[in-house]
Amino acid sequence: MGYHKRLRIVSGILKDKGSLIKTTLSTKRRKASARRVILRATTHGSSVPPSDHRIAAVIGLGDGSRFTACTCIQAVMDRLHRTKDSSVALKCLYTIHNIINKGSFILKDQLAIYPSSGGRNFLNLSTFRDGSDSETCEMSAWVRWYAGILEQNLMVSRVLGYHLNSPRSKNEIIGFLNSDLLKELHVLVDFADYLGNVPADSLYLQRKSLVHEIVRLVSEDYRSVQRETFVRVTELGARMVSLSWSECTEFLSCIDRFEGCKERIAVLLVNRNRNDDLWDLIKETKANLVAAIEKKENEGKMVVVATADNESNKLTQFSQLFRLAPSGRWVEF
């Protein structure tokens, strides 16, 4: 370990101690208590994920009042946006991910409305960069990617109306409109598409326990996305005869995009989440869709030809009934 790296670690540890002392001296006890829990879960100095009891302490803040839950989310967001350390940023995102998966309703609700304007880039880490050394630069790419994954996770939850780890009954989507199912399918494919943007040049960082644990959680999310996608592709496939031409083409576009993510995702999730049943369904549905679209296009051409012939017959009948007089006016013959 180089001198500069050791110095950076020592400096980070001292910062953590100073921040903890500050919370101890604060007169705002409830806010200080929540901030102290977040600080202990997101320390400087190591690439080890927060321990289970540290994460449990964060989750436990959601068992109290709405004010406590709000204070917890505010504290983790402040920590995330103020740090320039890639390891601390990843630990903050890992903590947020655990809140999404395990937190109480009130804690998830506070996270969902932060900030009040919402949006696709609410974590605002698309420009994050820790330039301390080459490794932290590569870790920064993981910070940006992981933040985007969590944003996609919350976008899926908003569109579906529930979190990925609490799936809806298959029978509930039967009454959905085609447009609703296609909208949900789009956002699920968006998640898979973004997942494929993993920093491929630094996959070796999975050897670090923190990055390895992050990949494990993301893998579980992707498994849920596959399950939800399977349900919607099955339902839309059963309705194929009643789908309009535009709905069929939109459905095919979604399937093509999802299929295009497969190889890129496989680079990250080696030997995980193969789900052959899903890919067999995608292949079969795609073939059926192509045939259905061709059939609808041919039927459309036949209707156009029949309409044109009908108009031509009407014009012939009109010309037989009337003739053009020398004055330039049509008169009955």
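If you're wondering where the values come from, they're calculated on a predicted model, not measured in any experiment. As a basis for the values below, the full set of heavy atoms in this structure was taken, side chains included, without hydrogen atoms, waters or symmetry mates. Position 1 is the first residue of the sequence, and the numbers go up from there.
Across all their heavy atoms, F251 and L289 have their closest contact at CD2-CD1, 3.5 Å. Looking at every heavy atom in both residues, L150 comes nearest to L93 through CD1-O, 3.4 Å. Annotation for I38 and A75: closest pair CG1-CB, 3.8 Å, computed over non-hydrogen atoms. Considering all non-hydrogen atoms of both residues, T71 and A34 come closest at CG2-CB, 3.6 Å. Closest heavy-atom contact between R257 and C261: O-SG, 3.1 Å. Pairing each heavy atom of S209 with each of P49, the nearest pair is OG-CD, 3.3 Å.
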- Task: Evaluate side chain to side chain donor-acceptor pair (under 3.5 Å) for R30 paired with S65, printing each intermediate quantity in order.
- Result: CA-CA 11 Å; R30 293 168 72 181; S65 65; 3.2 Å; yes
- Task: Would you sort out whether L195 and Q152 count as a side chain to side chain contact (heavy atoms under 4.5 Å, CB included), showing the intermediate values?
- Result: CA-CA 9 Å; L195 179 59; Q152 289 293 329; over 6 Å; no
- Task: Please report the C-alpha distance between T234 and T285 in whole Å, then the side-chain angles of each, then the deciding distance to 0.1 Å, and finally whether the side chain to side chain contact (heavy atoms under 4.5 Å, CB included) criterion is met.
- Result: CA-CA 8 Å; T234 301; T285 304; over 6 Å; no
- Task: Show your working on side chain to side chain contact (heavy atoms under 4.5 Å, CB included) between S33 and R36 and close with a plain yes or no.
- Result: CA-CA 5 Å; S33 177; R36 198 155 46 243; 4.1 Å; yes
- Message: Set out, in order, the CA-CA distance, both residues' side-chain angles and the distance that settles ring pair (Phe, Tyr, Trp, His ring centres under 6.0 Å) for W145 and F128, then state yes or no.
- Response: CA-CA 10 Å; W145 174 79; F128 180 90; over 10 Å; no
- Mind running side chain to side chain contact (heavy atoms under 4.5 Å, CB included) on L164 and E220 for me, showing each step along the way? CA-CA 10 Å; L164 279 173; E220 291 177 0; over 6 Å; no
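Judged by distance alone, with hydrogens and angles left aside, the side-chain atoms of R29 form a donor-acceptor pair with the main-chain N or O of T24 at under 3.5 Å. Between the side chain of T136 and the main chain of D130, a donor-acceptor pair closer than 3.5 Å is present. A donor-acceptor contact shorter than 3.5 Å is absent between the side chain of H81 and the backbone of L125. Of the possible polar contacts, one joining the S104 side chain to the G62 backbone as a donor-acceptor pair under 3.5 Å is found. For the pair K91 (side chain) and L210 (backbone), a donor-acceptor distance under 3.5 Å is absent. For the pair N298 (side chain) and E294 (backbone), a donor-acceptor distance under 3.5 Å is present.
Under the 4.0 Å criterion applied to side-chain N and carboxylate O atoms, R232 and E235 are not assigned as salt-bridge partners.
Residues R54 and T42 have side chains not in contact (no heavy-atom distance under 4.5 Å, counting atoms from C-beta outward). Two residues are said to be in side-chain contact when any heavy atoms from C-beta on lie closer than 4.5 Å; Y146 and L217 meet this criterion. By the 4.5 Å heavy-atom criterion applied to side chains, E184 and E228 are not counted as neighbours. W142 places none of its side-chain heavy atoms less than 4.5 Å from the side chain of E138. Annotation: side chain of C72 is not in contact with side chain of Q110 (no heavy-atom distance under 4.5 Å). Contact annotation: the side chain of I73 approaches that of I99 to within less than 4.5 Å [non-hydrogen atoms, C-beta and beyond]. Side-chain contact between D190 and M155 is absent, with no heavy-atom pair separated by less than 4.5 Å. Between D78 and Q74, some side-chain heavy-atom pair lies under the 4.5 Å cut-off.
Within the model, atoms OG of S87 and CD of E135 stand 9.5 Å from one another, a figure rounded to the nearest 0.5 Å. From K286, atom NZ reaches atom CD of E259 across 4.0 Å, with rounding to the nearest 0.5 Å. A distance of 10.5 Å separates CZ in R66 from CG in L107, rounded to the nearest 0.5 Å. Between the NZ atom of K208 and the CG atom of L90 there is a distance of 10.5 Å, given to the nearest 0.5 Å. Going from atom NZ of K108 over to atom OG of S157 covers 8.0 Å, rounded to the nearest 0.5 Å. The structure places CD of Q226 at 12.0 Å from CG of L281, a figure rounded to the nearest 0.5 Å.
Under the 4.5 Å side-chain contact rule for hydrophobic residues, V187 and Y162 share a cluster. Residues I55 and V88 are members of separate hydrophobic clusters, defined by side-chain heavy-atom contacts under 4.5 angstrom among Ile, Leu, Val, Met, Phe, Trp and Tyr. Both L236 and V290 belong to a common hydrophobic cluster when Ile, Leu, Val, Met, Phe, Trp and Tyr are linked at side-chain heavy-atom distances under 4.5 angstrom. Criterion: ILVMFWY side-chain heavy atoms under 4.5 Å apart, direct or through other members. Under it, L80 and L20 are not part of a common hydrophobic cluster. When the side chains of ILVMFWY residues are joined at heavy-atom separations under 4.5 Å, either directly or via intervening members, I106 and L61 end up in two distinct hydrophobic clusters.
In summary, the side chains of N275 and R227 do not present any donor paired with an acceptor at a separation below 3.5 Å, with no hydrogens or angles considered. The closest side-chain donor-acceptor pair between T95 and R79, if any, does not fall under 3.5 angstrom. Side-chain atoms of S246 and T249 form no donor-acceptor pair, as typed in the model, at a separation below 3.5 Å.
Atom CZ of R239 sits in a crowded spot, with more than 12 heavy atoms from other residues, nucleotides or ligands closer than 6.0 Å. The neighbour count for D52 CG, taken as heavy atoms of other residues, nucleotides or ligands under 6.0 Å away, does not exceed 12.
Ring orientation note: the planes of F258 and W279 are close to parallel, at an angle under 30° on the 30°/60° scale.
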